[in-house]
Asks: 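Dumping the structure here so I can ask a few things about it.
Below, all heavy atoms of this structure are taken into account, side chains as well, without hydrogens, waters or symmetry copies.
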Amino acid sequence: MGDDDTVFFTENLVTVLAKYDHNQMYYIGGNSESVEQDMVHSYATAYGGAGFAISYALAVELVRILDRCLNRYHEFYGSDSKIQGCRSEIGVPLTKELGFHQMDIRGHPYGLLAAHPVAPLVSLHHLDDVQPIFPSQTSMESLKRLISGYKADPGRTLQHNFCYDLRRNWSVSVSWGYTVMLYPSLVTAKQLETALQTFQTWGSRQGGPFTFNTRIVSYDHCESPLVYLLDRLENVGRAETLTTYHRYLPWSSNNRECGHCNCTSALAVEFFNVSASKFSPDLWNKAPRRQCCEIINGSEGVDSVVQVQIRDCMRFESVTPP
């Protein structure tokens, strides 16, 4: 079930639901990102804008009580809240999947999408109520660009990877099929995996709270990233992709004064080329782990283009600064 402005990424939706036995009772979805919404509508609700799934076994039980149940919860807002009230009488809890996105935010979704959790992208909602995903395009153009990457590699879309260039003391964050961020300093993994707060809450339009951690966009040029957005994508044979990301100047001005870091070499970078193998859906049946990446041409002699390779992590490998 979803709303009329819900975008489902169907191959990933099938991948997620395939993990569950439809003969068992499941209620699958996600919460709102804004705490104020969850406090009103319940943390136990799978939000309809993000979409939710009910297994066949649960649907059979719901049908038995539905008419009278809907009357009992007639004051609840929306069909998703009413279904949540009815399933509570059956005793089936919400099974949360992190790829369902209600998108109860205002402003720009960049920070949220650039720090996607380790889970398949299943849905996006409220795309007409936030700024376009790609800032230089309309909402529809942005969605089409994001879907172009999804069609090439559904499971990898928006998957977050980051690594260091220790020769130049850079931190590189990749949200595949969307963006690359280049920090001219070594930033901890804890910071890199935390969403930049480029958005506000849905109702009050405040700076929080949210149901996930955020970090403020810094005005320190050594701590704020240069931003690169998806420019083009190509398949390399049947098993690999090459995505290119171009620096977005309105968010990555050359007029930077870097005091305690050397950002001159970072400012020379115009493009990132990211190579990756096609993401196997079977990986989602294993314990989740963010994949690793490495800078291929990590030397001072490289100017405008940086090559990055996304790959499986090796044993005992971690993203740890010196």
Asks: Ring centres of H101 and H126 under 6.0 Å apart?
Replies: no
Asks: With a 4.5 Å cut-off on side-chain heavy atoms, are D129 and R106 touching?
Replies: yes
Asks: When clusters are formed by joining ILVMFWY residues with side-chain heavy atoms under 4.5 Å apart, either directly or through shared neighbours, do V319 and V306 land in the same one?
Replies: yes
Asks: Can E141 and K144 be counted as an ion pair, charged N to O under 4.0 angstrom?
Replies: no
Asks: Between the side chains of S175 and H116, is a donor N or O closer than 3.5 angstrom to an acceptor N or O?
Replies: no
Asks: Would you call R64 and E89 a salt bridge, using N to O less than 4.0 angstrom?
Replies: no
Asks: Scan L62, I90, I54, T95 and name whichever one has a side-chain contact (heavy atoms from CB on, under 4.5 Å) with Y27.
Replies: I54
Asks: Verify whether the ring centers belonging to H246 and Y248 lie closer than 6.0 Å.
Replies: no
Asks: Do D3 side-chain atoms and G51 backbone N/O form a donor-acceptor pair below 3.5 Å?
Replies: no
Asks: Please give me the minimum heavy-atom distance between R215 and Q191, naming the atom from each residue.
Replies: NE-O, 2.7 Å
Asks: Within a strict 4.5 Å, meaning less than it, do heavy atoms of the F199 and L112 side chains meet?
Replies: yes
Asks: What pair of heavy atoms forms the shortest contact from N273 to V305, and how long is it?
Replies: ND2-CG1, 3.5 Å
Asks: Are L192 and L98 co-members of a hydrophobic cluster defined by side-chain heavy atoms under 4.5 Å apart?
Replies: no
Asks: Any chain of hydrophobic side-chain contacts (each under 4.5 Å) joining V174 to L166?
Replies: yes
Asks: Could you see if L94 belongs to whatever hydrophobic cluster contains I28? Use Ile, Leu, Val, Met, Phe, Trp, Tyr and a side-chain cutoff under 4.5 Å.
Replies: no
Asks: As a quick check of understanding, evaluate side-chain contact (heavy atoms from CB on, under 4.5 Å) for T211 and Y43, giving each step before the final call.
Replies: CA-CA 10 Å; T211 56; Y43 283 95; 4.2 Å; yes
Asks: Determine whether the side chains of Y26 and D21 contain a donor N or O and an acceptor N or O closer than 3.5 Å.
Replies: no
Asks: Starting from the C-alpha separation in whole Å, work towards a yes-or-no answer on side chain to side chain donor-acceptor pair (under 3.5 Å) for S204 and T201.
Replies: CA-CA 6 Å; S204 62; T201 57; 2.9 Å; yes
Asks: State whether E97 and K19 are salt-bridged, where the test is any N-O pair (Lys NZ or Arg NE/NH1/NH2 against Asp/Glu carboxylate O) under 4.0 Å.
Replies: yes
Asks: Do F279 and W284 have ring centres separated by under 6.0 Å?
Replies: yes
Asks: What I'd like to find out is whether the side chain of R247 reaches to under 4.5 Å of the side chain of L226, using heavy atoms alone.
Replies: yes
Asks: Are Q197 and T214 close enough, and set up right, to give a side chain to side chain donor-acceptor pair (under 3.5 Å), and what steps lead you there?
Replies: CA-CA 6 Å; Q197 192 174 321; T214 62; 2.9 Å; yes
Asks: Over all heavy atoms of both residues, which pair between A50 and Q102 is shortest? Give the atoms and the distance, please.
Replies: N-OE1, 2.8 Å
Asks: Step by step, work out the salt bridge (Lys or Arg N to Asp or Glu O under 4.0 Å) result for R311 and E317.
Replies: CA-CA 12 Å; R311 53 169 175 76; E317 183 175 6; 2.8 Å; yes
Asks: Using a 3.5 Å distance criterion without hydrogens, assess whether the side chain of S123 forms a donor-acceptor pair with backbone atoms of F100.
Replies: no
Asks: Considering only the SG atoms, does C163 lie under 2.5 Å from C292?
Replies: no
Asks: Please say whether more than 12 non-hydrogen atoms of neighbouring residues, nucleotides or ligands are located less than 6.0 Å from CG in D67.
Replies: no
Asks: When rounded to the nearest 0.5 angstrom, what is the spacing between CD in E234 and CG in L242?
Replies: 5.0 Å
Asks: Please report the C-alpha distance between D5 and H125 in whole Å, then the side-chain angles of each, then the deciding distance to 0.1 Å, and finally whether the side-chain contact (heavy atoms from CB on, under 4.5 Å) criterion is met.
Replies: CA-CA 6 Å; D5 60 343; H125 183 224; 2.8 Å; yes
Asks: Do any N or O atoms from the side chain of E270 and from the backbone of S304 form a donor-acceptor pair under 3.5 angstrom?
Replies: no
Asks: Looking at P184 and S224, what are the two nearest heavy atoms and their distance?
Replies: CD-O, 4.0 Å
Asks: Verify side-chain contact (heavy atoms from CB on, under 4.5 Å) between F76 and S42, making sure each step is shown before the conclusion.
Replies: CA-CA 11 Å; F76 282 13; S42 175; over 6 Å; no
Asks: For atom CE of M1, is the number of surrounding heavy atoms from other residues, nucleotides or ligands below 6.0 Å larger than 12?
Replies: yes
Asks: Quick check: does any side chain N or O of S55 sit under 3.5 Å from a backbone N or O of Q24, one acting as donor and the other as acceptor?
Replies: yes
Asks: Taking the side chain as every heavy atom from C-beta outward, state whether L186 and W170 have any pair of such atoms under 4.5 Å apart.
Replies: no
Asks: Using distance alone, with no hydrogens and no angle criterion, decide if Q291 and R156 have a side-chain donor and acceptor under 3.5 Å apart.
Replies: yes
Asks: What is the distance from atom OH of Y77 to atom CG of D80, rounded to the nearest 0.5 Å?
Replies: 8.5 Å
Asks: Given 3.5 Å as the limit, does a donor-acceptor pair link the side chain of R232 with the main chain of T244, or not?
Replies: no
Asks: Taking the side chain as every heavy atom from C-beta outward, state whether S275 and Q307 have any pair of such atoms under 4.5 Å apart.
Replies: no
Asks: I'd like to know whether CZ of R68 has more than 12 heavy-atom contacts from other residues, nucleotides or ligands below 6.0 angstrom.
Replies: no
Asks: Step by step, work out the ring-ring contact (aromatic ring centres under 6.0 Å, His included) result for Y20 and H22.
Replies: CA-CA 6 Å; Y20 300 98; H22 69 279; over 10 Å; no
Asks: Report the distance from atom CD1 of I65 to atom SG of C86, rounding to the nearest 0.5 Å.
Replies: 5.5 Å
Asks: For D104, is there any backbone N or O sitting under 3.5 Å from a side-chain donor or acceptor partner on E33?
Replies: yes
Asks: Between H108 and P132, which heavy-atom pair has the shortest distance, and what is it?
Replies: NE2-O, 3.0 Å
Asks: Checking L230 against T243 for the side-chain contact (heavy atoms from CB on, under 4.5 Å) test, could you report, in this order, the C-alpha distance in whole Å, the side-chain angles of both residues, the deciding distance, and whether it holds?
Replies: CA-CA 7 Å; L230 180 68; T243 47; 4.1 Å; yes
Asks: Is the shortest side-chain heavy-atom distance between Q200 and Q206 below 4.5 Å?
Replies: no
Asks: Under a 4.5 Å side-chain heavy-atom rule over Ile, Leu, Val, Met, Phe, Trp and Tyr, are V16 and L124 clustered together?
Replies: no
Asks: With the side chain counted from C-beta on, respond yes when D38 and Y47 share a heavy-atom pair under 4.5 Å apart, and no when they do not.
Replies: yes
Asks: Checking ring-ring contact (aromatic ring centres under 6.0 Å, His included) between Y178 and each of Y228, F272, Y110, Y245, which is the one that passes?
Replies: Y110
Asks: In sequence, state the C-alpha distance, the side-chain angles, and the governing distance for R290 and E193, and then conclude on salt bridge (Lys or Arg N to Asp or Glu O under 4.0 Å).
Replies: CA-CA 10 Å; R290 187 180 59 241; E193 72 176 7; 3.6 Å; yes
Asks: State, with a plain yes or no, whether a side-chain heavy atom of L143 is found less than 4.5 Å away from one of V7.
Replies: yes
Asks: Could you tell me whether E240 and K278 make a salt bridge, using a distance below 4.0 angstrom between a side-chain N and a carboxylate O?
Replies: no
Asks: Between S32 and S34, do the side chains contain a donor N or O and an acceptor N or O under 3.5 Å apart?
Replies: no
Asks: Answer yes or no: does atom OH of Y56 have more than 12 heavy-atom neighbours from other residues, nucleotides or ligands under 6.0 Å?
Replies: no
